Amino acid sequence: MEIPSKFDAKGIESKWYSYWQKNNFFKSSPDEREPYTIVIPPPNVTGILHMGHMLNNSLQDIIVRRARMRDFNACWVPGTDHASIATEAKVVAKLKSEGIEKSDLTREEFLKHAWDWTEEYGGVILEQLKKLGCSCDWDRTKFTLDPEMTASVLQVFEQLHNDGLIYRGYRMVNWDPEAQTTLSDEEVLYEEKNGNLYHIVYPVVDSDERVIIATTRPETLLGDTAICIHPEDERYTHLKGKKVSVPLTNRTIPIIEDDYVAMDFGTGCLKVTPAHDQNDKLLGEKHQLEVINIFNPDGSLNENGGSYENLDRFKARKIIVKDLEAQQLLVKTEPHRHKVGVSERTKAVIEPRLLDQWFLKMEELARPAIDGVLNSKDIELLPEKFKNTYRHWMENIRDWNISRQLWWGQRIPAYYYGKGKDDYVVALDEVKALEKARSKSGNASLTMDNLRQDEDVLDTWFSSWLWPISVFDGIRYPENEEIQYYYPTQDLVTGPDILFFWVARMIMSGYAFRDEKPFSKVYLTGLVRDKKGRKMSKQLGNSPDALKLIKDYGADAVRVGLMLSSAAGNDLLFDETLCQQGKNFANKIWNAYRLIEGWEIKEDLQAPNVASEALEWYESHFEKTLAWVDENFEKYRISDALMSIYKLVWEDFCSWLLELIKPEYGEPIDRQSYNKVIALFEKNLRILHPFMPFLTEEIWHYIADRKPEEALTIAAWPKVHTYDKKCISDFELAQQIIGGIRNFRKEKNISPKEQISLYLNSKPANFNYESAIVKLGGVSEMYYSIPPKDLAGGSFRINNLEFFIPTNAVEDPKEEKEKLISELKYTKGFLASVEKKLSNDRFVSNAPEKVIELERKKAADANEKIILLLKNLESL
RNA sequence: GGGUGUUUAGCUCAGUUGGUUUAGAGCGCUACCUUGACAGGGUAGAGGUCGGGGGUUCGAAUCCCUCAACACCCACCA
């Protein structure tokens with residue numbers, strides 16, 4: 001069969017992916033083997049594959065595939081996240097483009113749209129993962145809004161509420177006026193913005209005096225309920241107990257004192273707006289101030305805004321500033337650069353707002369999660385540097401606001417039956433709620449009509465924090481066979497940006513609901529950045545199209561490209577040329593096979609020495625490399641593992657082994673060498689497979705006609721055997737000598753085709769692999785003797801061996817001399833540094849024996865070499 | 001403002017508890033090679049006073065101090 005000279009990934013990827021699926025290689029169910037479980041960090045259901053997904057899912061696939069080959073029961077659970085804010089924002093935007101406002105829809109109508117959207121786009125990202133080669137058990141695909149997932153979430157809510165950990169609180173929350181929802185602190189971004197510091201006059205009541213206050217938000221003066229000064233601020237002490245009138249209103253407010261005020265900022269005098277600022281709220285509580293809310297949910301002013309009612313907050317600000325100016329109550333406007341909180345999703349400026357919210361107490365939940373990661377090492381966090389960040393966050397953990405004013409998500413299972421603060425019950429459904437409400441209120445005549453379910457939904461993370469448990473339905477059925485078998489999972493691979501949102505909370509939920517860690521190891525990948533070091537994001541448009549990369553280079557090449565540059569936990573500067581490198585590598589492997597496949601085999605031919613020696617060396621070298629690869633895998637140094645395989649295949653297998661066993665053009669190869677080289681090539685394919693599943697499976701089936709049960713995907717990962725270390729070091733010497741000959745040829749302009757003679761004074765003990773030197777060095781005659789005196793030629797040295805090659809090309813003894821002198825200079829310098837150490841008494845008395853011995857050997861070798869070089873110089 | 005981390009070849013990074021030659025890899029670069037696996041290739045080579053300064057030590061890229069640049073996280077003084 002004719003094999004094309006260039007490897008083309010396009011034709012084979014879907015072929016092998018469906019082959020794997022058809023044969024159920026990715027399916028897992030509990031059996032007698034040891035499980036190896038990974039739950040996928042569920043991507044947003046409406047998301048599309050970006051570089052971050054490519055990186056962390058490639059990593060997971062590599063780990064899972066290797067585990068599968070090592071005869072673990074590998075189970076990679078896929079799924080998607082409903083991502084309430086992100087998805088709802090997308091649906092709202094889509095409806096808007098169709099002329100539909102969310103506010104015109106009922107909850108049910110809106111959810112219908114959202115589900116339609118989910119059904120249309122929800123499978124896309126999972127299909128994209130298949131293109132990348134991800135070996136997930138697709139029959140297990142979960143979605144965080146699946147009925148059984150929702151049931152688990154509600155059950156957990158009820159349980160935590162019963163335990164008194166969930167409570168309602170009137171809290172200052174981050175309000176997004178555009179999405180009209182609260183945001184968690186993590187969803188607020190702070191941006192440096194140019195603003196103004198407005199100096200506003202507050203006239204003191206019954207006095208001619210005026211107090212000047214600096215603020216960045218003049219419109220909030222409508223909600224001011226006090227002015228605050230520092231008790232020791234002499235500029236203002238005489239105003240104690242007085243009142244001021246609020247400009248543009250007819251209200252008067254007290255002057256209070258608190259050392260919270262910074263005397264050196266602004267005018268040292270602070271306006272207090274308890275309804276719209278966290279710190280002001282605390283001040284207000286302390287001094288029992290009135291709370292005046294001046295905003296509507298959409299950020300416009302409400303009835304407390306007086307004549308400014310219904311104006312948008314920013315419009316109101318402008319007008320208020322103008323009005324203040326007109327009344328000469330604005331004394332100064334100075335530019336002020338400060339950070340403003342904006343919504344991560346909508347970019348709207350956050351408005352702090354007091355609202356009834358649901359909170360989860362975290363301190364108690366955090367305790368075992370702190371211990372498990374930091375003390376008992378029950379969970380390993382890689383790389384370790386994230387432990388500090390983890391500790392810092394966990395030890396200062398704050399209660400979690402779990403309610404969101406959205407529709408897309410699990411609706412909070414709280415039902416109100418009366419007007420009182422505690423007139424509500426938490427129940428899994430309406431029927432149970434009614435029952436509970438009747439008994440709690442003592443009113444048996446309550447009906448469904450009296451019940452009103454809370455309007456809010458739960459934070460998305462409140463469902464994903466249960467992910468490793470709920471995908472196996474371990475919340476509802478804690479004793480089920482699957483959760484018992486697969487939990488705890490092995491590895492979690494994700495980005496450091498969600499260490500707190502998600503990872504820490506999963507750890508807490510694992511200990512809380514199963515009394516056991518959710519995973520043994522957390523592997524945090526770096527963020528993918530572009531060449532300029534910027535984080536890849538849709539906004540910047542600097543993220544390459546993941547699917548286009550796969551199309552252009554092939555999935556294997558993209559995987560290799562990503563892995564080559566991703567040291568654990570370090571950010572990864574992604575450059576498309578890495579994919580080209582991966583593609584070149586795929587082609588190299590492809591052509592290595594093409595070479596072997598093209599050989600004619602002759603059955604009764606004796607294997608030449610050069611081939612059997614080289615094969616023997618590669619066998620040992622493979623074992624040594626494999627041991628190193630395994631070690632790197634254990635440490636999650638996937639990049640290093642790949643690099644050593646890359647070099648093994650490209651350099652050792654292709655450039656050394658194949659070149660050595662390659663028969664002369666047109667000549668056949670013996671059966672024994674052929675079988676061995678094929679067997680070794682197959683071993684290469686096995687360890688390459690987790691990285692490059694498509695290419696390797698393709699070649700695997702080219703090599704032989706194989707049944708599905710012999711597929712590479714389920715073949716065994718090789719076990720490390722003992723190997724011959726001497727054989728490796730002897731071959732290394734031969735490699736150096738061949739390098740020396742090649743260098744000599746280059747310097748003397750001797751064509752690689754021209755055969756040479758090689759002289760070596762005498763044959764040293766470890767001088768094996770002569771056949772390799774002869775073949776790759778282009779040596780026709782090898783002499784173990786001193787070359788005849790009058791023979792023209794040149795010399796070079798490897799370690800302390802001196803080689804001589806006769807050639808007429810050497811015309812320039814001056815050049816030869818210079819070379820010797822520079823070699824001598826280097827060696828002398830080196831010897832001097834070694835002798836300096838050895839002549840230092842303190843070194844000799846303090847350093848370990850082994851180190852000293854080593855230095856002595858260095859000195860002896862250097863001396864020997866100097867003698868050799870001097871002799872050469874003399875003879876010139 | 002508080003914290004964590006990074007700084008080694010043109011680029012991206014290793015360097016495993018301080019001691020194996022006077023620091024390594026991949027890519028890139030330079031020169032030469034190419035009808036016979038692969039130019040998506042081969043061979044050889046050049047390239048770094050390990051961010052600056054100070055200290056500990058017989059010995060420092062590695063430990064300590066200090067300065068600088070950069071990155072990220074946490075808090076949010078109106």
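The model shown is predicted, which means the values in this text are computed figures rather than measured ones. In what follows, every chain begins at residue 1, and chains take the letters A, B, ... in the order their sequences are listed.
- Between A:R745 and the phosphate of B:rC32, there is no side-chain N or O to OP1/OP2 separation shorter than 4.0 Å.
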List the atom pairs, with distances to 0.1 Å, where a side-chain N or O of residues 582-589 of chain A and a protein N or O form a donor-acceptor pair under 3.5 Å, not counting sequence neighbours.
| residue | atom | partner | partner atom | Å |
| --- | --- | --- | --- | --- |
| A:K583 | NZ | A:D552 | O | 3.4 |
| A:N584 | OD1 | A:Q580 | NE2 | 2.9 |
| A:N587 | OD1 | A:F7 | N | 2.9 |

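- Contact annotation: A:N388 side-chain N/O to B:rG5 OP1/OP2 distance is under 4.0 Å.
- Put simply, A:N584 has a side-chain N or O that comes within less than 4.0 Å of OP1 or OP2 on B:rG41.
- Distance noted for atom P between B:rG53 and B:rU8: 15 Å (whole Å).
- Scanning residues 222-233 of chain A for heavy-atom distances under 4.0 Å to RNA chain B yields an empty list.
- A donor-acceptor contact closer than 3.5 angstrom is absent between the side chains of A:K647 and A:T625.
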(request) Go ahead and write out RNA chain B as dot-bracket, 5' to 3': ( ) for pairs within the strand, [ ] for ones crossing earlier pairs, | when the partner sits on another strand, dots for unpaired; Watson-Crick or G-U wobble, both distances under 3.5 Å. (result) (((((((..((((.....[....)))).(((((.......))))).....(((((..]....))))))))))))....
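- Ring-to-base geometry places A:Y826 in a stacked arrangement with B:rU22 (centre distance under 5.5 Å, plane angle under 30°).
- Within residues 841-849 of chain A, the residues approaching RNA chain B are A:R842, A:F843, A:N846, A:A847, A:P848, by heavy-atom distance under 4.0 Å.
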Check: protein-nucleotides 42-48 of chain B nitrogen or oxygen pairs below 3.5 Å:
| residue | atom | partner | partner atom | Å |
| --- | --- | --- | --- | --- |
| B:rG42 | OP1 | A:K588 | NZ | 3.3 |
| B:rG42 | OP1 | A:W650 | NE1 | 2.6 |
| B:rA44 | O2' | A:N743 | OD1 | 3.2 |

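- Annotation: salt bridge (charged side-chain N to carboxylate O under 4.0 Å, His left out) contacts involving residues 649-668 of chain A, sequence neighbours excluded, comprise A:E659-A:K662.
- Separating the C1' atom of B:rU62 from that of B:rG18 is a span of 6 Å, rounded to the nearest Å.
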